[in-house]
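Atoms within a ligand are numbered from 1 in the order they appear, just like the ligands themselves. These numbers come from the heavy atoms of this one structure, side chains and all, not from hydrogens, waters or symmetry mates. Along the sequence shown, the residues carry numbers beginning at 1.
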Amino acid sequence: MTGAEPGHRPPGAHDDIAALIRTIPDHPKPGILFRDVTTLLLDPRGLAMVTARLAGLVPAGIDLIAGIEARGFIFGAALAHHLGKGLVLIRKDGKLPGATIGIDYALEYGTDRIEMHEDACVPGQTVLLVDDLIATGGTAQAAVRLLRQAGARVAGAAFVVDLPDLGGAEALRADGVPVTSLVGFPGH
Ligand SMILES: O=P(O)(O)OC[C@H]1O[C@H](OP(=O)(O)OP(=O)(O)O)[C@H](O)[C@@H]1O
Ligand SMILES: Nc1ncnc2[nH]cnc12
């Protein structure tokens, strides 16, 4: 299917991008409303539409995009390509071959660990963090800590989806990171 299921369009969804994101209740745990970007990506215009919208939100003076595994790689890579910038891969535990720095963090539905190559940024470089979605903000906060540890200046963080009631964007702003997103799904 290439669109959101009828009746699954959440309150607050306000544009084409929101309409292309499917909601799956109780995945991966009871009570979670999973915002599924696979339907957006199936649409032939979906990734181009998101990339163009994200490009309009990029602060001036960015040297690099950083994308978070796995869904953040899709949007981060597309934006980096669109802007002609390099891409830092922030990966899950044990995937990167070189010397890494890493951090454990809590998710809306579990815990995880992310890592990056310790030499992925030249100290002083300006980075925009990209992910598909911000919920509690634990993943993005961990990524910001890693990037800062590597010497980067994090000029902003951009998401396709924000779940504002989970407070992640607010927490990230409290860490001194400007946050933008394309679609907000209030409620969860
Ligand atoms: O704001 P938070 O509460 O930290 O949650 C947001 C994170 O959760 C999802 O990733 P997930 O860990 O499910 O990994 P995936 O992209 O590999 O599916 C999503 O892609 C974000 O990275
Ligand atoms: N509700 C949700 N939908 C999709 N990805 C998520 N990551 C964390 N919470 C999520």
Quick check on Lys92 - does any of its heavy atoms sit under 4.0 Å from an atom of ligand 1? yes
Residue portion contacting ligand 2 (non-hydrogen atoms closer than 4.0 Å) for His27: neither
Ligand 2 N/O within reach of Leu33 N/O, cut-off under 3.5 Å: yes
Contact check: Ala135 vs ligand 1, nitrogen or oxygen atoms, below 3.5 angstrom: yes
Under 4.0 Å between heavy atoms, the region of Asp131 that gets near ligand 1 turns out to be side chain
When you compare the side chain of Asp93 with that of Glu115, does any pair of heavy atoms fall below 4.5 Å? yes
Kindly indicate, with the supporting measurements, whether the criterion salt bridge (charged side-chain N to carboxylate O under 4.0 Å, His left out) is fulfilled by Arg91 and Glu69. CA-CA 5 Å; Arg91 295 214 61 178; Glu69 187 172 1; 2.9 Å; yes
Verify, without hydrogens or angle tests, whether Thr39 (side chain) and Leu20 (backbone) share a donor-acceptor contact under 3.5 angstrom. yes
Taking the side chain as C-beta and beyond, is there a heavy-atom pair between Ile134 and Leu172 under 4.5 Å? yes
Any side-chain heavy atom of Asp63 sitting closer than 4.5 Å to one from Lys85? no
Would you check whether Asp132 has a nitrogen or oxygen atom less than 3.5 angstrom from a nitrogen or oxygen atom of ligand 2? no
Are any of the N/O atoms in Ala70 less than 3.5 Å from those in ligand 1? yes
Let me know which of Asp131, Asp132, Thr38 forms a side chain to side chain donor-acceptor pair (under 3.5 Å) with Arg71. Asp132
Sub-4.0 Å atoms of ligand 2 with respect to non-hydrogen atoms of Ala135: 8 (C), 9 (N)
If we only consider heavy atoms of Gly137, is any one of them less than 4.0 Å away from an atom in ligand 1? yes
Minimum side-chain heavy-atom gap Asp26-Ile32 below 4.5 Å: no
Cationic tip of Arg113 within the cone over Tyr105's six-membered ring, i.e. under 6.0 Å and within 45° of the normal? no
Which ligand 1 atoms are under 4.0 Å away from a heavy-atom of Thr139? 2 (P), 4 (O), 5 (O), 6 (C), 7 (C), 22 (O)
Enumerate the atoms of ligand 2 whose separation from the nearest heavy atom of Leu133 is less than 4.0 angstrom. 3 (N), 4 (C), 5 (N), 6 (C), 7 (N), 8 (C), 9 (N), 10 (C)
Would Tyr105 count as being in polar contact with ligand 1, using the rule that some N or O on each side must be under 3.5 angstrom apart? no
